[in-house]
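Reviewing the structure listed below.
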Amino acid sequence: MNNIPSVDLADFLADDPSRKQKFVNEIGKAYEDIGFVALKNHFLSDQLVDNLYNEVKAFFALPLETKEKYEIEGLGGQRGYTSFGKEHAKGKKEGDLKEFWHFGQEASADANLTEEYPPNVSVNELKDFNATGMEAYRMLEKTGIYVLRALSLYIGLDEHYFDHWASNGNSILRPIHYPPIKEEPKGAVRAGAHGDINLITLLMGASTGGLQVQRKDGEWIDAIPQEDELVINVGDMLERHTNNKLRSTIHKVINPPKEQWGQPRYSIPFFMHPRSDMKLNCLEECISEENPKQYDDITAGDFLHQRLVEIGLIKK
């Protein structure tokens, strides 16, 4: 396998049970094998994607002192702006070559959450930035819930098992700007080799190249979807919850060839998190004699905090 498998969400949404089952089997097998798929027929329209990229590019083009007004102390980078080189991959000292923004959940009135999410940060200079970001957030969240429904069926759970936990969950939409590279980087890459913390990640913007995924045999392969596809991968929370049945695969964003150093890169991942009180205990359906329970019990909130400390976004 030299590219990631491609799946079509229209199969899952079809009235034909055999097409629905086909999607369940394809995505389940892909997540057991490599932990990544490219997905077409998601809920983001081309117009919304264009609008979002225009807003994101306009924000990152603002002067640094303007952007720094939106870097909020004490939030561990959970909302607003995070400046260049702050975040690093777990176990790495060099900061990644990127700056980014975080949009977070705006919970519905009837969400009954056990915690309060911090409010989103409004950008005064760009009147459509926040509304466009949150519209994309909702469409990615909707896409993610359908993917989780398919995975529920694959594991042998009720189709709607994840609905409550993922709706109004602590998810993050993160537009990232990797600026042009001006000199040979000292040990830093655009994003170091890492696994994602959350349940699943839905990524816009991977078709420009740079994303690499590690196969089971240790080889790195390029993950290059079609332009209209999202890349969707399993995160550590889902790997843990499924007792390693579904794989959270190590991936990285490599620096481009030297002739492309002058070009910036933008990518927009949606990190789908559950509500913080969701128990990530290994599912009974995923424990067997051949695969005994691998992990201690923990909640999503505690697991997230532990990992944010490890990657440098929260100081101990």
Side-chain angles (χ1 to χ4, degrees), residues 4 7 9 12 27-28 30-31 35-39 42-44 48 52 77-79 100-108 111 113 115 117-118 120 133-155 157 159-176 194-206 211 223 225 229-242 246-249 251 267-280 283 298-305 307-308 311 313:
I4 56 174
V7 295
L9 188 59
F12 189 70
I27 198 167
Y31 282 169
F36 271 76
V37 296
L39 179 131
H42 46 75
F43 294 105
L44 289 167
L48 178 54
L52 183 60
Q78 290 299 287
R79 298 290 182 276
F100 54 88
W101 180 271
H102 275 169
F103 295 101
Q105 182 67 266
E106 293 176 354
S108 60
L113 292 168
E115 63 177 327
Y117 297 136
N120 276 312
M134 285 314 293
E135 190 184 345
Y137 185 109
R138 290 286 166 242
M139 292 300 105
L140 287 159
E141 184 177 52
K142 182 177 179 182
T143 303
I145 284 172
Y146 279 100
V147 168
L148 290 171
R149 286 177 182 173
L151 295 177
S152 298
L153 292 171
Y154 186 73
I155 294 162
L157 300 166
E159 181 176 340
H160 300 281
Y161 168 77
F162 284 102
D163 285 18
H164 166 76
W165 299 112
S167 308
N168 293 300
N170 192 15
S171 299
I172 294 280
L173 179 62
R174 172 191 275 196
I176 305 171
H194 65 284
D196 292 342
I197 301 170
N198 39 291
L199 287 171
I200 55 174
T201 301
L202 297 85
L203 176 66
M204 304 167 62
L211 178 65
E229 292 180 324
L230 294 173
V231 169
I232 307 185
N233 63 282
V234 174
D236 292 350
M237 288 186 181
L238 188 58
E239 178 178 72
R240 191 180 181 112
H241 198 36
T242 62
L246 306 180
R247 297 184 57 226
S248 175
T249 301
H251 52 285
S267 85
I268 308 179
F270 179 74
F271 299 112
M272 194 156 195
H273 285 263
R275 297 162 178 251
S276 297
D277 56 331
M278 181 181 183
K279 291 182 169 69
L280 297 179
L283 290 161
I298 195 169
T299 63
D302 288 343
F303 184 70
L304 175 61
H305 185 270
R307 289 293 299 277
L308 291 177
I311 64 170
L313 284 181

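Residue numbers count from 1 along this sequence.
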Heavy atoms, side chains only, cut-off 4.5 Å: are [X] and [Y] in contact?
X    : Y    : value
E115 : D277 : no
S167 : I145 : yes
N233 : T249 : no
L9   : F43  : yes
L48  : E135 : yes
I232 : F270 : no
I197 : R307 : yes

Between [atom1] on residue [X] and [atom2] on residue [Y], distance to nearest 0.5 Å:
X    : Y    : atom1 : atom2 : result
L280 : W165 : CG    : CH2   : 10.0 Å
M272 : I200 : CE    : CD1   : 5.5 Å
L39  : I27  : CG    : CD1   : 6.0 Å
F271 : I172 : CZ    : CD1   : 9.0 Å
L199 : S171 : CG    : OG    : 8.0 Å
T299 : L304 : OG1   : CG    : 9.5 Å

Testing the basics here: between [X] and [Y], what is the closest heavy-atom pair and its distance to 0.1 Å?
X    : Y    : result
A136 : L173 : CB-CD2, 4.2 Å
V37  : Y31  : CG2-OH, 3.5 Å
L52  : G133 : CD1-CA, 3.9 Å
A107 : A111 : CB-CB, 4.1 Å
F103 : P175 : CE1-CG, 3.9 Å
L148 : A166 : CD1-CB, 3.9 Å

Subject >> Non-neighbouring partners of Y117 that pass ring pair (Phe, Tyr, Trp, His ring centres under 6.0 Å), sequence neighbours left out >> reply: none
**OP:** May I ask you to decide if the ring planes of H241 and Y161 are parallel, tilted or perpendicular, using 30° and 60° as cut-offs?
**Re:** parallel
Subject >> Partner of F36 under side chain to side chain contact (heavy atoms under 4.5 Å, CB included), chosen from L203, T201, V234, I4 >> reply: I4
Do [X] and [Y] have side-chain atoms, one donor and one acceptor, less than 3.5 Å apart?
X    : Y    : result
D236 : S248 : yes
N168 : Q105 : no
H102 : R79  : no

Subject >> N/O donor-acceptor pair under 3.5 Å between N120 side chain and G104 backbone >> reply: yes
Original post:
Backbone N or O of G235 within a donor-acceptor pair of the R240 side chain at under 3.5 Å?
Top reply: no
**OP:** Give the C-alpha distance, both sets of side-chain angles, the deciding distance and a yes or no for side chain to side chain contact (heavy atoms under 4.5 Å, CB included) between R138 and E106.
**Re:** CA-CA 10 Å; R138 290 286 166 242; E106 293 176 354; 4.0 Å; yes
Original post:
Are F303 and M237 close enough, and set up right, to give a side chain to side chain contact (heavy atoms under 4.5 Å, CB included), and what steps lead you there?
Top reply: CA-CA 8 Å; F303 184 70; M237 288 186 181; 3.6 Å; yes
**OP:** Under the salt bridge (charged side-chain N to carboxylate O under 4.0 Å, His left out) rule, collect the residues that match up with E159, sequence neighbours excluded.
**Re:** K20
Original post:
Going through the distances and angles, do L113 and R275 end up as a side chain to side chain contact (heavy atoms under 4.5 Å, CB included)?
Top reply: CA-CA 8 Å; L113 292 168; R275 297 162 178 251; 3.7 Å; yes
Original post:
How far apart are the C-alpha atoms of W101 and I176, what are their side-chain angles, what is the distance that settles it, and do they pass the side chain to side chain contact (heavy atoms under 4.5 Å, CB included) test?
Top reply: CA-CA 7 Å; W101 180 271; I176 305 171; over 6 Å; no
Subject >> Check: Y146 ring centroid to H42 ring centroid under 6.0 Å >> reply: no
Subject >> Pair listing, salt bridge (charged side-chain N to carboxylate O under 4.0 Å, His left out) test, anchored in residues 194-205, at least two apart >> reply: none
